[in-house]
Protein chains: 2
Amino acid sequence: MTPEQEAAMIANIRQFNRFYTMQLGLLQQHVFDSEYSLTEMRVIYEVHFNHQTTATGIREALNIDAGYLSRLLRNFEKKGLVIKHPLPEDGRSSYLQLTARGRKLMAQMNERSDVQIRQMLEGLTAQQRRQVGNAMNRVRGLLKAPGGQPRLEDVEIRHGLQPGDVGDIIRVHGQVYAEEYQYDLRFEQYVTETLHEFLPTYNPAKDRVWLATCFGELAGMIAIIHKGRGRAQLRWFLIRPAFRGIGLGKALMQEAMAFCRTQRFREVYLLTTNQQQTAAGLYVKAGFVKTASTPQHLWGQDVYEERYELKMPTGN
Amino acid sequence: MTPEQEAAMIANIRQFNRFYTMQLGLLQQHVFDSEYSLTEMRVIYEVHFNHQTTATGIREALNIDAGYLSRLLRNFEKKGLVIKHPLPEDGRSSYLQLTARGRKLMAQMNERSDVQIRQMLEGLTAQQRRQVGNAMNRVRGLLKAPGGQPRLEDVEIRHGLQPGDVGDIIRVHGQVYAEEYQYDLRFEQYVTETLHEFLPTYNPAKDRVWLATCFGELAGMIAIIHKGRGRAQLRWFLIRPAFRGIGLGKALMQEAMAFCRTQRFREVYLLTTNQQQTAAGLYVKAGFVKTASTPQHLWGQDVYEERYELKMPTGN
DNA sequence: CACAATTAGTTGATTTTGTCAACTAATTTA
DNA sequence: TAAATTAGTTGACAAAATCAACTAATTGTG
């Protein structure tokens, strides 16, 4: 990056900071017309979030004056929002905890915050809202904030191809395999070919492509393609690294298997290589058995191309 | 979107708000250890940014007490940061302007803000930094902030296909044409086919694909494909709606034409439809002439397929 | 056109918010 | 065991923000 580009980029972030400061309405000292100041609410939040924290813990987290904090806490105690539990191992400190009343206040504040957020999102389509969330998660994830791990509940699994999906499937395959196995352009070309070959025969009644998205961002995918005579091929099974370890692979595999059962496929097969170890585990767990392994030079790599097969239990 | 998903999404944004409040260090009332408070700096910034604004303008923009602002401004005037120009048409108001000293203070603050931003980006790769900027722009753009229009200086034009580029080209074509002309999956299939057809013959010495990216996000693209006997085809020329009107199409076209000249192509042609009016303008400006127009039923649409040709000036 | 109503900005009085330094008491270090 | 450190408290005070009463210019209205 040239110095000019870096300066442009920093100016851009500075603008975002100003914009977002405005958006948050952080200049108002009384949050959401409550009787509590921003600082007070931040203390309440800190007590709630870091359970079993002490005054010093809060002081360090929020970087506020010890004397000021002392008074704030005494006030909260007087109002019955916070309760102190003296520490047995240190007579100077106390654990802090929200009372039921304090938690109720928190909940109220969250509600008001939600109102603010809803206003912010007003006039946006569902897709755009997802994009906002997604972009925020990206900022937060990149700036190494805690809690950046996506949750399975936030991942939406849908099927059917919408505009951009075909390209997105290819893009994610190209990027992930380049990053993880140093596959080159030839691999992305291969994926393009598989989709080009599939699309003209795509029959939504017999073929199904599932896309897992998280706030609009493609998180993973899987597909079942009918091959005639009760056979089907499982394709394009991939979970992006950031979304691994949350059970998404399993969820997608379950969708695919459920579809295979309703379609009464007798046999499902798939092709992969010996390098895709994590996926292989999921194949085996789903009942697939490795039936062939042949050395190949594919996409500039020496790999074993492997074939897995699954005999479906014939329901009666 | 189900109510549960909406709640999850709002909770997610709330978390981002808390995270970013923290990130900005907005609880500190003295910005960057200066002798000025956050509010004071926001006033200075507002005077700088909205030139020829009045006290009321600032009061409305920042939503602060009129009396408080009055005192702040008097103080700034006393310190020689701001100057008042009485309004001829209204004896009660004055235009506000930063003095040279006030602008110097602004610049200093920007520098300190830049330091903060650099710290924030510390430890990120160039690509990750671009992603942060990109994601912020997306948030800002979606939440309809002013100044959301990207700048041509922030757009990087590169050539050569990197992992994910092929998929991204297809994805953007699919999405943009679906949004603007209601083309369906068949169009994305067609684009996939064109790339599938091109890739095996791709010769970086004779073919060139340019990608315009803005903080990591694909903004537009163009390609020149050699066809033998001094002929070449211009393909995949597209600017995403958000990046139109900033001269990006022109810049990409110039790159392409310059390449055609160095390659000494005698003739360049392209295929498009009568629906792509904006692009057609750029083709004509670059010297292309429409040579054929045939009615077709393509991708579920009745269109005229048009052919444009450009005879290259033979340099000696 | 005159007079009431409104608007832009100012000023005094006051409250809220945050800071600093001196302090106590418990705990740790030397 | 004494000195140093740490957690938290308190008093004095400064800075930031609010409220209400005010002036002067401008606008609206009968």
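Order of the sequence lines fixes the chain letters, A, B, ..., with proteins taken first and strands second; residue numbering starts at 1 for each chain.
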Flag if over 12 foreign heavy atoms under 6.0 Å of NZ, B:K79 | yes
Tightest non-hydrogen contact, residues A:V155 and A:C214, listed as CG2-CB, 4.2 Å
Shortest side-chain distance from B:T54, nucleotide among D:dA16, C:dA26, C:dG9 = C:dG9
Nearest-Å distance, CG (A:L96) to C1' (D:dA7)?
-> 12 Å
B:R129 and B:G123 have their tightest heavy-atom pair at NH2-N, 4.2 Å
Taking atom C1' of D:dT18 as reference, at what distance in whole Å does atom CD of A:E35 sit?
-> 17 Å
Under 3.5 Å donor-acceptor, A:S94 side chain and A:L87 backbone = no
So the ring-ring contact (aromatic ring centres under 6.0 Å, His included) pairs with at least one residue in residues 45-67 of chain A (sequence neighbours excluded) are A:Y45-A:F49
Are there any protein N/O atoms within less than 3.5 Å of an N/O atom in nucleotides 2-7 of chain C, and if so, which ones and at what distance?
from	atom 1	to	atom 2	distance (Å)
C:dT7	O2	B:R92	NH1	2.2

Output the residues of residues 76-89 of chain A in contact with DNA chain D, where contact means a heavy atom of the residue under 4.0 Å from an atom of the strand; sort by number or write none.
-> A:K84
Sequence-distant partners of B:R14, salt bridge (charged side-chain N to carboxylate O under 4.0 Å, His left out), two or more places apart | A:D114
Using a cutoff of under 3.5 Å, can you pull out all pairs of nitrogen or oxygen atoms linking the protein to nucleotides 10-14 of chain D, with atom names and distances?
from	atom 1	to	atom 2	distance (Å)
D:dT10	OP2	A:R74	NH1	2.2
D:dG11	N7	A:R71	NH1	3.2
D:dG11	O6	A:R71	NH2	2.6
D:dA12	N6	A:R71	NH2	3.4

What one should report as the nearest heavy-atom pair of B:G80 and B:R101 is O-CB, 3.5 Å
Minimal non-hydrogen separation, A:M109 against A:S34, with atom names = CE-CB, 3.1 Å
Kindly determine whether B:R138 and A:E217 satisfy salt bridge (Lys or Arg N to Asp or Glu O under 4.0 Å), including the steps that lead there.
-> CA-CA 13 Å; B:R138 216 146 124 203; A:E217 186 183 25; over 6 Å; no
On a heavy-atom basis, the closest approach of A:I117 and B:I10 is CD1-O, 3.7 Å
By side-chain hydrogen bond (donor to acceptor under 3.5 Å, both in side chains), which residues pair with A:N50, not counting sequence neighbours?
-> A:E46
Could you say whether A:D90 or B:L73 is positioned toward the 5' end of DNA chain C, judged by the nucleotide with the nearest heavy atom to each?
-> B:L73
Among C:dG9, C:dT27, D:dG8, the one nearest A:S93 by side-chain distance | D:dG8
Can you tell me the distance, in whole Å, between the CZ atom of A:R59 and the C1' atom of D:dA7?
-> 9 Å
Whole-Å distance between D:dA16 P and B:L62 CG?
-> 16 Å
Value in whole Å for how far the C1' atom of D:dC19 lies from CG of B:L69 = 16 Å
